[in-house]
Peer 1: 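Supplied in structure tokens, the structure appears directly below.
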There are 2 protein chains.
Amino acid sequence: MSETSTRDRILSAAAELFARRGYAATSIRHICEQAGANVASVNYYFRSKEHLYEEVFRMLFETIASPLEEIARRRIETATQWREAIHDWILKVLRIFSAEDPPQRWAAKLFARERVAPSSVFPIVYGKFFHPLEKALEDLIRLALARRRSEHEVRKWILLIGGACDVFAYHDAPWDEVVFPAGVEKQEWLRQVAEHLTGVVCCGLPEKGSPLDGEGPK
Amino acid sequence: MSETSTRDRILSAAAELFARRGYAATSIRHICEQAGANVASVNYYFRSKEHLYEEVFRMLFETIASPLEEIARRRIETATQWREAIHDWILKVLRIFSAEDPPQRWAAKLFARERVAPSSVFPIVYGKFFHPLEKALEDLIRLALARRRSEHEVRKWILLIGGACDVFAYHDAPWDEVVFPAGVEKQEWLRQVAEHLTGVVCCGLPEKGSPLDGEGPK
DNA sequence: GTCTATATGCTGATAGAC
DNA sequence: GTCTATCAGCATATAGAC
């Protein structure tokens with residue numbers, strides 16, 4: 001019935017198991033069992049377990065940062081546009097981190113794993129995912145800071161905003177109660193958190209003397 | 001020369017290796033080698049690898065939350081006292097997370113690992129460390145919110161403040177550059193970040209109508 | 001308490017039949 | 001491409017000498 005190739009089924013099973021159990025605790029045998037493939041096929045298609053791991057990351061992180069690209073391309077000339085851009089950045093990142101469906105869910109989980117235990121795939125995670133996200137935020141922050149502010153000021157805001165979003169990458173049970181309170185629908189909660197965080201950031205930004213200062217809509 | 005017992009040396013070596021490489025990737029043989037003990041001694045003293053893992057957590061997290069207890073006991077009656085308490089909470093948490101010396105460094109790392117891949121020791125990590133920290137922050141937040149605010153408002157502030165601090169738990173290379181900019185001494189940077197975060201929080205808190213409202217020093 | 005020797009099982013990887 | 005059979009190595013854990 002299924003028309004997916006053996007290679008793709010292995011890739012998919014590996015993504016799930018590496019995400020759920022980690023690299024060391026996941027065996028080739030287990031992956032092949034779940035993929036309905038022979039134990040020898042991993043080495044046939046991917047040469048080794050480590051190469052398979054890298055391929056999983058290449059696949060998952062290839063396009064994951066694309067929702068952020070649109071924000072990075074926007075023309076932002078007023079404080080109102082800036083607020084909207086920051087809000088969108090936050091909400092989109094929250095949605096990536098707390099995705100429930102594969103493959104986004106596996107990507108979020110694997111990102112979290114690489115965050116605490118970086119491995120050979122760090123360059124992929126950083127280059128395809130973390131850096132584009134951070135760069136988009138950095139550009140926004142710079143736009144809202146007074147013209148002669150130091151790089152350190154930029155970084156403080158990145159740590160604040162990025163950090164508050166990062167929490168949602170650790171949303172699996174039994175930590176889920178920390179992140180998602182009972183009695184609120186999940187997407188609605190993400191919207192509320194994004195709105196709250198945006199509001200707090202906009203108490204301090206844009207600053208007086210920033211490129212956006214005094215250019216608000218009349 | 002060293003007078004430490006075999007048991008303690010195993011515990012210490014295990015803490016380091018579990019923190020650096022994770023549970024699955026760390027072998028009993030490796031632990032014993034580093035501890036200068038016989039391979040059979042782990043099972044003699046701890047019955048199994050998993051029991052050893054639990055003992056490591058019991059040891060490391062027994063007293064780690066104690067710097068926060070003092071804050072939880074303070075009498076806070078003015079907005080100024082509240083600001084100072086929030087600032088202290090943030091700075092103390094930042095220092096725990098970014099500790100360089102063992103055993104705090106191992107505890108921070110193991111906490112981060114349990115955050116993305118919770119295991120049988122979750123109750124220890126949560127009960128001895130995470131919950132006390134969160135409870136102290138929660139009490140502070142509640143003090144600064146208007147009297148009839150919902151639990152959800154409390155949670156949004158916890159996610160914001162706690163999240164921004166969490167980032168510092170992932171400070172190992174190659175992620176260190178994300179967290180610590182070049183050209184600033186580390187402790188000085190932590191102070192700056194704590195000050196910045198406190199300032200941002202105090203734009204919104206304490207709220208009008210909170211228990212602290214209108215009770216500032218004259 | 002500390003050691004050696006060993007039991008038992010699983011790991012990643014490969015050779016070679018089909 | 002897919003399979004079985006098998007390799008060498010390392011894992012946890014234990015039995016029993018000292």
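Each chain gets a letter, A, B and so on, in the order the sequences are listed, and its residues count up from 1.
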Peer 1: With sequence neighbours left out, write down each residue that passes salt bridge (charged side-chain N to carboxylate O under 4.0 Å, His left out) with B:Arg21, or none if nothing qualifies.
Peer 2: none
Peer 1: May I ask you to evaluate whether A:Ser27 reaches the phosphate of C:dT11, defined as a side-chain N or O under 4.0 Å from OP1 or OP2?
Peer 2: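 A:Ser27 to C:dT11 OP1/OP2: side-chain N or O found under 4.0 Å.
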Peer 1: B:Leu17 CG to D:dA11 P: how many Å, rounded?
Peer 2: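 Rounded to the whole Å, the gap is 12 Å.
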Peer 1: So, taking the atom named CG in A:Leu190 and the one named CG in A:Leu94, what distance separates them when rounded to the nearest 0.5 Å?
Peer 2: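 The CG atom of A:Leu190 sits 5.5 Å away from the CG atom of A:Leu94.
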Peer 1: Describe the nucleic acid contact of A:Thr6 in one word from base, sugar-phosphate, nothing, applying a heavy-atom distance below 4.0 Å.
Peer 2: sugar-phosphate
Peer 1: Does B:Lys49 count as lying over the ring of B:Tyr23, i.e. NZ or CZ under 6.0 Å from the six-ring centre, within 45 degrees of the axis?
Peer 2: yes
Peer 1: Please report, rounded to the nearest Å, how far the P atom of D:dA11 is from the CD1 atom of B:Ile28.
Peer 2: 10 Å
Peer 1: Could you state the atom-to-atom distance from CG of B:Asn43 to P of C:dG1 in whole Å?
Peer 2: 16 Å
Peer 1: Quickly work out the B:Glu33 CD to D:dA11 P distance and round it to whole Å.
Peer 2: 10 Å
Peer 1: Does any residue of residues 44-51 of chain A have a heavy atom under 4.0 Å from DNA chain C, and if so, which ones, in number order?
Peer 2: A:Ser48, A:Lys49
Peer 1: Ring pair (Phe, Tyr, Trp, His ring centres under 6.0 Å) with B:Phe57: which residues, sequence neighbours excluded?
Peer 2: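 Counting only residues at least two positions away or on another chain, B:Phe57 forms a ring pair (Phe, Tyr, Trp, His ring centres under 6.0 Å) with B:Tyr53, B:Phe61.
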Peer 1: Taking side-chain hydrogen bond (donor to acceptor under 3.5 Å, both in side chains) as the definition, give me every residue that meets it alongside A:Arg73, ordered by chain and number, with sequence neighbours left out.
Peer 2: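 Not a single residue meets the side-chain hydrogen bond (donor to acceptor under 3.5 Å, both in side chains) criterion with A:Arg73.
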Peer 1: List for me each residue that meets salt bridge (charged side-chain N to carboxylate O under 4.0 Å, His left out) alongside A:Glu70, sequence neighbours excluded, and say none if there are none.
Peer 2: A:Arg74, A:Lys92
Peer 1: Contact class for A:Ser5 (heavy atom, under 4.0 Å): base, sugar-phosphate, or nothing?
Peer 2: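 The residue A:Ser5 makes no contact with any strand.
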Peer 1: Write out a two-atom table: protein N or O, nucleotide N or O from nucleotides 4-9 of chain C, distance below 3.5 Å.
Peer 2:
residue: C:dT4; atom: OP2; partner: B:Asn38; partner atom: ND2; Å: 3.4

Peer 1: One thing to verify: whether B:Arg155 and B:Glu151 come together as a salt bridge, which I'm taking to mean a side-chain N less than 4.0 angstrom from a carboxylate O.
Peer 2: no
